[in-house]
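Worth saying up front: this structure is predicted, and the values here are computed from it rather than measured.
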Amino acid sequence: MDEVGRLTRAAGVVSFFTLLSRVMGLLRDMIVGYLFGAQGATDAFFVAFRIPNLLRRLTAEGALTAGFIPVFTDYLTHKGRDEAMAVARIVFTFVVIFLAVLTFCGVLFADPLIRLFAPGFLGDPGKFGLAVFLTRLMFPYIFFVSLVALCMGILNSLRHFMAPALSPVLLNVSIILCALLVSPLLAEPITSLAYGVLLGGIAQLLLQLPYLVRHGFSLSLNFHFQHPALRRLLFLMGPAVFGAAVHQINVLVSTIFASLLSEGSVSYLYYADRLLEFPVGIFAIALGTAVLPSFSSLVAKREMAELRGALSYALRLVNFIALPSTLGLMVVAIPVFALFFQRGAFDSQTTIQTAQALIYYSLGLWGISGAKVVVPVFYAMGDTKTPVCIAIASFILNLVLSLTLMGEVFAGSDAGFLSAAIVVLSRHLAVFSLAHGGLALATSISSTFNFLLLLLILHFRLGGFPWKEFLVSFTRNLFNALLMAVPLFFISQSVDWVGPEKNLLMHGAIFLLLLGLGFSFYLVLAFLLRSPEWQVVTQLGGRAKKALI
C-alpha cells in the first residue's frame, strides 16, 4: 500500500472513532446546557476547564506529539524497534516527572492563573472563587491526558489508530455520568463536571496501556536522560509549544476578552467552539493525526516528491470537506442549538447568541483544517521554528482584530491591570460592536491567515506546490458548497426555530431533511462536476469498516 493509501486508511479509522466521540461530546454539551445553561457558574467552569485543556493542546497534542512522532519514527526506521521502544521509555519517564511538577504548580498558582485568563471575574468574588476552586480540582487532568497523548504518539507511529481515537469517548461518558448522577448531591452542582473531567483523564490513560503492552512497550522507567533522542525531542518541543495550538491560544484570548463582556459571553463562545470542533474533530484532527506519521516516514526516506503529492492530496480533502461544512454550519447554526440545546436553563436568547458565535467561528473552519495538515509537514522536517513565528504573527493579528471587532468594554474600579488595559485599548481601537461574535470572527480571520502563510512558505521549502490543482479544487468545491447552501438557507429561514410553540417532532424532521438534502446535493454536484475528491468519502468508509473487522 502506498503512502496515500495508508493515509486514507488511517484517516478513515480515526474519523470513525472521532465521530463516535463527537456524538458523545454533543450529548455531553446538551446535558450541560440543560442543567447549567449560560450563567456565572458555567462561565467559571468553562474558564477553569480551558486552562488545563489549553495546556493539553500545547504540551500534549501539540508539542509532545508533534516532536515525538518524527523522532520515534526516525529511530524505528533506521535503528530498529528495540531502540525506538527504549527511546519511548526514556521519554515516558521524563514526561511523568515533568507533568508531576507542572500539575503541582498549576494547583498552587490557580489564583493568579484565573486573574490572568479571566480578569473580568475579579468584579464578582463568588464567580472568581469558584473558578479558582474548579481550576485546582481539574488541573491534575493535564497529568493524565498528557500521558495519554504520549501513548497515542507511540501507537500512531506504529500505525495503530483505534485506541487513541476511541479514548475521548471515555471523557465524555465520565462527564455525562457525573453531571447526571453526582450534581444533585453537591452544594455547588457545577463541581460535578470537574469530577467528570478528572475521572475521564484517568480512564483514557487506562485504555491505552493494554495496547501499548501488546505492541511491545514496557511500562518500566528509564532515567537515561542524556540520550540524544530526548535532547532532540526537547529541541523540537520548545517552539512547538506555541506553534501547534495557535487556534486554541486565540480561543483563550477570546475567553479573556469575553470575561469583560456581558454574563454568559464565555459560555456562548464555549458552546459554539464545541460545536465547531465536531467537523474539526471528525475530519481535520483525524486527518492531521494520520498525516504526521506518513509525512515523517516520507521525510525519513527522503521521498520529497511523494511528500508533495501526499500534502496536495490532504489539502484537496480539506477543500472537499471543510468548505461545505462551513456553509452548512452557518445555515443550521440556530436550528442545531434550538433543537439540541434549547431546554432547561438554555433559553431562546442563549440559542441566538450562541448561534451568532458559531456563524463567525465557522468562517475559520477551512483555515483551521488546513493548518492541521500543513503544520505536521514542518514538524516532520524537524522545523518547529517556522510554525511558531507564523503563530506569533497570527496571535498578534487576533489580538488587534478582537479589540477592533468586539466593541468598547468596561470594567469596575476594582478590576486588575489587565482588565484596565483592555478597556483602554478597546476605547481607542473599537470599530465594530459585534461583542462575542467579533471575538469569534477575529479567531477565524487569524486562523486562515496562519494557514495560508504556512502553505506559502512550504511552497518554497518543498521546491514547489501544485497550486493549480489546489485552486481548481478550492473553486470547484466552494461553488458546489454555495449551490448546496442556497436552498438550505431558504428552507431554514421559513421555520421559527426558537419560538415557544416549537414542535420538536416536526422541527426535527425538517432539520434531518436539511442535513440529508445538503449532503446528498453536494455529493451529486461533486459527481456531476467530476470532482475527484468525492470518491474519498466511500474510500474512508471502506477503510474504517475493514479496520473494525
Side-chain angles (χ1 to χ4, degrees), residues 20-56 103 106-107 110-111 113-114 117-118 121 124-146 148 167-207 255 258-259 263-275 277 337 340-347 350 354:
L20 178 61
S21 172
R22 296 303 176 182
V23 170
M24 294 302 299
L26 177 62
L27 178 60
R28 173 191 106 186
D29 292 334
M30 289 170 56
I31 292 172
V32 171
Y34 172 76
L35 293 175
F36 306 107
Q39 54 179 313
T42 47
D43 281 356
F45 169 76
F46 292 144
V47 167
F49 185 40
R50 182 82 70 188
I51 296 172
N53 208 36
L54 173 67
L55 288 174
R56 172 178 68 88
T103 300
V107 173
D111 186 290
L113 282 174
I114 295 300
F117 293 132
F121 286 7
D124 187 338
K127 185 192 295 187
F128 178 83
L130 179 60
V132 171
F133 171 73
L134 293 174
T135 299
R136 289 192 170 123
L137 186 58
M138 282 188 288
F139 213 93
Y141 169 72
I142 188 64
F143 178 87
F144 298 106
V145 80
S146 295
V148 170
S167 66
V169 174
L170 300 182
L171 174 65
N172 293 322
V173 170
S174 177
I175 294 176
I176 289 171
L177 292 178
C178 286
L180 293 175
L181 303 179
V182 179
S183 64
L185 307 177
L186 302 176
E188 179 52 73
I190 201 76
T191 307
S192 62
L193 302 181
Y195 289 126
V197 169
L198 190 57
L199 292 175
I202 297 172
Q204 288 182 83
L205 179 59
L206 293 177
L207 175 66
T255 302
S259 71
E263 184 169 280
S265 295
V266 172
S267 298
Y268 303 148
L269 291 173
Y270 174 84
Y271 287 124
D273 182 56
R274 284 288 301 162
L275 202 64
E277 288 190 2
F337 284 111
F340 293 103
F341 289 83
Q342 190 178 312
R343 55 186 56 84
F346 203 105
D347 57 20
T350 305
T354 308

**Message:** For A44 versus K127, what's the shortest heavy-atom pair and its separation?
**Reply:** CB-O, 3.8 Å
**Prompt:** Roughly how far, to the nearest 0.5 Å, is the CD atom of Q204 from the CZ atom of F144?
**Reply:** 11.5 Å
**Asked** Hey, what do you get for OG (S259) to CD1 (I114), rounding to the nearest 0.5 Å?
**Response** 10.0 Å
**Request:** Check step by step if side-chain contact (heavy atoms from CB on, under 4.5 Å) holds for L27 and F340.
**Result:** CA-CA 8 Å; L27 178 60; F340 293 103; over 6 Å; no
**Prompt:** Are the side chains of F117 and T255 in touch, meaning some heavy atoms are under 4.5 Å apart?
**Reply:** no
**Evaluation steps, side-chain contact (heavy atoms from CB on, under 4.5 Å), between L130 and F121** = CA-CA 10 Å; L130 179 60; F121 286 7; over 6 Å; no
**Message:** Nearest 0.5 Å, please: how far is CG in L113 from CZ in R50?
**Reply:** 15.0 Å
**Item:** Intermediate values then yes/no, side-chain contact (heavy atoms from CB on, under 4.5 Å), R28 and L171
**Value:** CA-CA 10 Å; R28 173 191 106 186; L171 174 65; 4.3 Å; yes
**Fill in**
Looking only at heavy atoms, the pair that brings L207 and S167 closest together is CD2-CA, 3.6 Å
**Message:** Parallel, tilted or perpendicular, judged at 30° and 60°: which one describes the rings of Y270 and F46?
**Reply:** parallel
**Request:** Taking all non-hydrogen atoms of both residues into account, name the closest pair between L134 and A48 and its distance.
**Result:** CB-CB, 3.6 Å
**Check: T135 side chain, A131 main-chain N or O, donor-acceptor pair, under 3.5 Å** = yes
**Asked** Can you tell me how far the CZ atom of F36 sits from the CG atom of D43, to the nearest 0.5 Å?
**Response** 13.5 Å
**Message:** When you compare the side chain of V23 with that of N172, does any pair of heavy atoms fall below 4.5 Å?
**Reply:** no
**Prompt:** Ring centres of F346 and Y271 under 6.0 Å apart?
**Reply:** yes
**Message:** Among V132, V266, T42, which residue satisfies the side-chain contact (heavy atoms from CB on, under 4.5 Å) criterion with V47?
**Reply:** V266
**Prompt:** Roughly how far, to the nearest 0.5 Å, is OH of Y34 from CD of Q342?
**Reply:** 13.5 Å
**Asked** What are the two closest non-hydrogen atoms of P52 and I142, and how far apart are they?
**Response** O-CD1, 3.6 Å
**Parallel, tilted or perpendicular: rings of F341 and F337 (30°, 60°)** = tilted
**Request:** Specify the closest pair of heavy atoms between L269 and A258, including all atoms of both residues, with the distance to one decimal.
**Result:** CD1-CB, 3.6 Å
Give every donor-acceptor pair under 3.5 Å between a side-chain atom in residues 180-201 and any protein atom, sequence neighbours left out.
from : atom 1 : to   : atom 2 : distance (Å)
S183 : OG     : A179 : O      : 2.3
T191 : OG1    : E188 : O      : 3.0
S192 : OG     : P189 : O      : 2.7

